[in-house]
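Working notes for the structure below.
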Amino acid sequence: MTIEDRTEKRLEAIAAAGETRRMAEPRGIDLSSNDYLCLAQDPRLKEAMIEGVRRYGAGSTASRLLRGHRDVFDRVESEFSRLKGTERSLYFSTGYQANLGIFQTFLEEGDAVFSDELNHASIIDGIRLSKAEKVIFNHGDVEDLRSRLCSVEVKGQKFVVTESLFSMDGDIAPLKEYAAICRETGANLIVDEAHAVGIYGRKGSGMIEETGIWDDVFVSINTAGKALGVAGAFVSGDEQTIEYLVQRCRSFIFSTAPPPAVAYALSKVIGMIEMEEDRRTRLMALSALFGGMLSEAGFPVRERPTQIVPIVIGRSEEAVAVASKLQEAGFDVRAIRPPTVPEGTARLRISLNTGVSEADLERLVILLKDIVKKEIETAFFV
Ligand SMILES: *Cc1c(COP(=O)(O)O)cnc(C)c1O
C-alpha cells in the first residue's frame with residue numbers, strides 16, 4: 001500500500017466515525033473561544049501591538065540566545081513573575097511548545113511522572129519526549145494519586161502534573177490536597193494554569209494564588225493566548241529552575257524568538273489584569289448565573305461552576321447536530337469530539353466571556369433544554 005492509499009483510508013475512517021473536523025470562522029455570539037476577559041479585541045492592546053511592531057519590527061530574526069533577544073522580553077517576564085508571585089519566568093511562543101520542552105528538560109531516566117488522565121495533549125506529548133516512567137492517575141482523584149505515589153518504586157525524582165482548571169471539563173483540580181501529598185512524598189508539583197491565569201486569585205494570577213500553594217509548586221505553565229488575549233506562555237518558577245530552562249530547554253533554545261511586539265502588548269495586558277478586577281468579577285458572576293440557570297432547567301451542574309461548561313452528549317454526530325442547531329440560532333458553540341476528549345464523551349464546550357449578556361444566556365438555556373431534551377434522551381454530564 002502506498003502512503004497516499006493509506007492516508008486515504010485513514011481519512012475515510014475519520015469520516016465514518018463522524019469525526020471529520022472543519023475550520024470555520026467565528027460567527028454569532030462567542031461561546032467557544034478562550035478570550036474569557038474579552039481582551040483580544042481591546043483597543044488599548046491593539047494599539048500596543050501596533051506600537052510594538054513600529055519599535056521592534058515584524059519578527060525577532062533569531063533565537064533568544066542569539067540575535068533574537070530584546071529587552072522587552074526580560075521586562076515582560078519580570079512583570080509576569082511579579083503578578084505570579086515567583087522569582088522568574090520564561091516566555092515561550094506557545095503553551096504547547098512550553099509543555100513540549102519542560103518535561104524533557106527536568107525529567108531524567110529513573111524519574112517518574114504522575115499525570116492526571118485528562119491532562120492536555122501538550123502535557124502528554126511533553127512527557128513522551130522525556131525518559132521518565134509515566135503513571136496515569138484517575139482524574140482529580142486525590143486517593144488514587146496518593147496510593148500510586150506510595151506504591152511505585154522510584155529511584156530518582158517524582159513529579160505530579162495537573163491542569164488547575166481543566167480545559168474540556170471545566171472542573172478544578174484539588175491543588176491544596178496535591179500540594180500536601182507532594183510535600184509528604186517528596187514529589188515535585190507541576191501545574192498548567194492555561195485556563196486559570198488572568199482569572200482566579202485576588203490578583204488574577206491563577207489557582208496557585210487562590211489556593212496559596214506557591215511554595216509547593218515546582219513550575220507552572222501560564223498561557224498568554226487565552227484570558228490574556230495575546231499569544232505564547234510563561235513558565236514560572238524559582239530563579240535556578242528557570243535558568244536551567246534557558247540553558248537546556250530544547251523547545252526554547254532551538255526556536256526563533258516570538259515577535260517582540262507580542263511581548264510589548266503582553267506587558268500592557270499584565271497591568272490590565274492587575275488593575276481591572278471587574279472583568280474577573282463579571283466572569284465569576286456570569287459563571288454562577290449560568291450554572292444556576294442550567295440547574296433550574298434540570299441539568300446537573302458542578303458544585304462550583306466555572307467559565308467552562310461541558311455538556312456531554314456522547315456520540316460525535318449528535319454533538320455536531322446539537323452544535324449546528326445552536327449555531328443556526330446565532331450562538332457560536334462548537335462540538336468537541338475525540339481525540340480532544342475521550343471516546344464516547346463528545347460534547348458541547350460552552351465557554352463564557354465577559355461580553356456575553358444575561359439575556360443571551362437565558363435564551364441559550366431555553367434552547368438547550370429544548371434541543372438536548374428533544375434530540376438526545378441520553379444527555380449526561382461528566
Ligand atoms: C491551550 C492549552 C495549552 C497550549 O497552549 P497554546 O498557547 O494554545 O499552545 C497547554 N495546556 C493547556 C491545559 C491548554 O488548555
Side-chain angles (χ1 to χ4, degrees), residues 21 23 32-37 39-40 76-77 80 84 89-105 113 115-130 136 139-140 159-173 175 178 189-200 205-208 217-237 245 249-252 255-259 262-263 265-266 269-270 306-310 334 336-337 339-342 347 349-353 382:
R21 301 176 70 167
M23 293 176 259
S32 56
S33 84
N34 303 312
D35 187 20
Y36 305 120
L37 302 177
L39 287 172
V76 76
E77 284 166 352
F80 186 79
K84 193 73 191 174
S89 302
L90 189 65
Y91 181 59
F92 287 74
S93 299
T94 70
Y96 190 93
Q97 216 172 322
N99 276 334
L100 273 198
I102 59 179
F103 296 95
Q104 195 184 31
T105 306
V113 54
S115 176
D116 187 290
E117 65 178 328
L118 293 187
N119 275 342
H120 192 261
S122 59
I123 298 174
I124 297 170
D125 294 355
I127 290 173
R128 274 191 197 145
L129 288 176
S130 81
I136 307 293
H139 176 55
F159 297 85
V160 170
V161 56
T162 184
E163 297 180 33
S164 54
L165 172 58
F166 279 83
S167 59
M168 296 299 147
D169 294 78
D171 58 337
I172 298 166
L175 288 183
Y178 289 172
L189 182 57
I190 298 177
V191 182
D192 186 337
E193 296 247 66
H195 296 271
V197 65
I199 299 170
Y200 295 89
S205 78
M207 285 291 173
I208 294 172
V217 175
F218 173 56
V219 287
S220 64
I221 300 94
N222 304 276
T223 60
K226 290 168 179 166
L228 303 195
V230 186
F234 296 96
V235 176
S236 299
L245 282 177
C249 182
R250 296 171 63 85
S251 69
F252 173 77
S255 185
T256 299
V262 174
L266 270 174
V269 178
I270 292 167
T306 66
Q307 81 275 18
I308 301 171
V309 184
R334 312 271 174 127
I336 309 284
R337 288 168 279 172
T340 306
V341 292
R347 68 194 66 183
R349 174 188 183 269
I350 297 175
S351 55
L352 304 176
N353 65 71
V382 174

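Numbers here are sequence positions counted from 1. Whatever order the structure lists them in is the order used to number ligands and atoms, beginning at 1. Keep in mind that this is a model prediction, so the values were computed, not measured.
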Quiz item: Are the side chains of Val197 and Lys226 in touch, meaning some heavy atoms are under 4.5 Å apart?
Solution: no
Practice problem: Ignoring angles and geometry beyond distance, decide whether Tyr96 reaches within less than 3.5 Å of ligand 1 through its nitrogen or oxygen atoms. | Solution: yes
Practice problem: Look at ligand 1 and say whether Lys226 reaches it with a heavy atom at a distance under 4.0 Å. | Solution: yes
Practice problem: Take Phe166 and His139 through the test side-chain contact (heavy atoms from CB on, under 4.5 Å) and record every step on the way to the result. | Solution: CA-CA 10 Å; Phe166 279 83; His139 176 55; 3.5 Å; yes
Self-check item: atom 6 (P) of ligand 1: nearest protein contact (heavy atom, Å)
Solution: Gly95 N, 3.3 Å
Quiz item: Ala194 to ligand 1: N or O pair under 3.5 Å?
Solution: no
Self-check item: Non-hydrogen side-chain atoms of Tyr200 and Ile208 separated by less than 4.5 Å
Solution: no
Quiz item: Nearest protein heavy atom to atom 10 (C) of ligand 1, by residue and atom, and its distance?
Solution: Ser122 OG, 3.3 Å
Quiz item: Which of the atoms in ligand 1, numbered in the order shown and given with their element, are less than 4.0 Å from a heavy-atom of Glu163?
Solution: 13 (C)
Practice problem: May I ask you to decide if Gln97's main-chain N or O and Ser251's side chain share a donor-acceptor pair within less than 3.5 Å? | Solution: yes
Quiz prompt | Heavy-atom side-chain proximity of His195 to Asn34 below 4.5 angstrom | solution = yes
Practice problem: Any atoms of ligand 1 less than 4.0 Å from a non-hydrogen atom of Asn99? List them with their elements. | Solution: 10 (C), 11 (N)
Quiz item: Hey, mind stepping through Met168 and His120 against side-chain contact (heavy atoms from CB on, under 4.5 Å) and telling me if it holds?
Solution: CA-CA 9 Å; Met168 296 299 147; His120 192 261; over 6 Å; no
Quiz item: Under a 4.0 Å heavy-atom limit, does Ile221 contact ligand 1 with its side chain, its backbone, both, or neither?
Solution: neither
Exercise. Considering only NZ, NE, NH1 and NH2 on the basic side and carboxylate oxygens on the acidic side, decide whether Arg347 and Asp169 come within less than 4.0 Å.
Key: yes
Exercise. Run the contact test for Ala233 against ligand 1 with a 4.0 Å cut-off on heavy atoms, strictly below, and give the result.
Key: no
Quiz item: Short list, please: which atoms of ligand 1 are under 4.0 Å from a heavy atom of Ser167?
Solution: 15 (O)
Quiz item: Which ligand 1 atoms are under 4.0 Å away from a heavy-atom of His195?
Solution: 14 (C), 15 (O)
Quiz item: Are side-chain heavy atoms of Leu228 and Thr223 found at a separation under 4.5 Å?
Solution: no
Self-check item: Nearest neighbour of atom 13 (C) of ligand 1 from the list Leu165, Asp192, Leu118, Ile308, on a heavy-atom basis
Solution: Asp192
